[in-house]
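Right, one structure below, let's go through it.
These numbers come from a predicted model, not from an experiment.
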Amino acid sequence: MNSEYDYVFEEYDLDKVSKTSPLGIEVSKLMGRLDPDGSMSADGPSISAVQSAWNDVAGSQVADITRSVYIRNDEVVVILSSSIWAQELGFLSGEYCKKLNEVLGTDFLKKVSFRVK
């Protein structure tokens with residue numbers, strides 16, 4: 001079944017994109033960050049590695065109330081549904097950052113922030 005978005009995928013053949021072109025570089029960075037095996041990309045830990053580490057570091061109670069975790073530059077952003085939890089966990093931001101870096105074996109992450117959505 002064809003959708004209105006099929007043309008977007010047919011228009012660009014990523015195999016033909018030069019690895020040194022701006023698009024090729026950005027695609028490589030994105031694929032590295034989404035690396036499903038949880039390894040480190042050139043720019044830091046992959047999102048799957050951070051999500052897995054977050055579940056270990058946060059503990060089951062906090063992991064259960066976490067809606068999502070993503071990376072923005074050198075910051076881990078944790079999405080929660082409760083502003084009370086976001087405020088309380090914000091006081092522990094430095095500790096979470098330190099523990100995430102320890103678990104991931106890096107010093108790439110500089111901040112953990114908590115947002116409500």
Would you be so kind as to tabulate the donor-acceptor pairs closer than 3.5 Å made by side chains of residues 86-97, with sequence neighbours excluded?
from	atom 1	to	atom 2	distance (Å)
Ser93	OG	Val112	O	2.3

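Closest non-hydrogen pair, Ala58 versus Ala63, comes out as CB-N, 4.2 Å. For the residue pair Ala53 and Val103, the shortest heavy atom distance occurs at CB-CG1, 3.7 Å. Across Trp54 and Val69, no two heavy atoms sit closer than the pair CD1-CG2, 3.5 Å.
No option in Val76, Asn55, Val78, Val57 other than Val76 meets the side chain to side chain contact (heavy atoms under 4.5 Å, CB included) test with Val50.
Between Leu80 and Thr66, some side-chain heavy-atom pair lies under the 4.5 Å cut-off.
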Is there a side chain to side chain contact (heavy atoms under 4.5 Å, CB included) between Val116 and Trp85? Walk through the geometry before answering.
CA-CA 9 Å; Val116 179; Trp85 272 106; over 6 Å; no
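Although no hydrogens or angles enter the test, the distance criterion places a donor-acceptor pair under 3.5 Å between the side chain of Asn101 and the main chain of Leu109.
Residue pairs that meet the side chain to side chain donor-acceptor pair (under 3.5 Å) test with at least one member in residues 107-117, sequence neighbours left out, are Glu75-Ser113, Ser113-Arg115.
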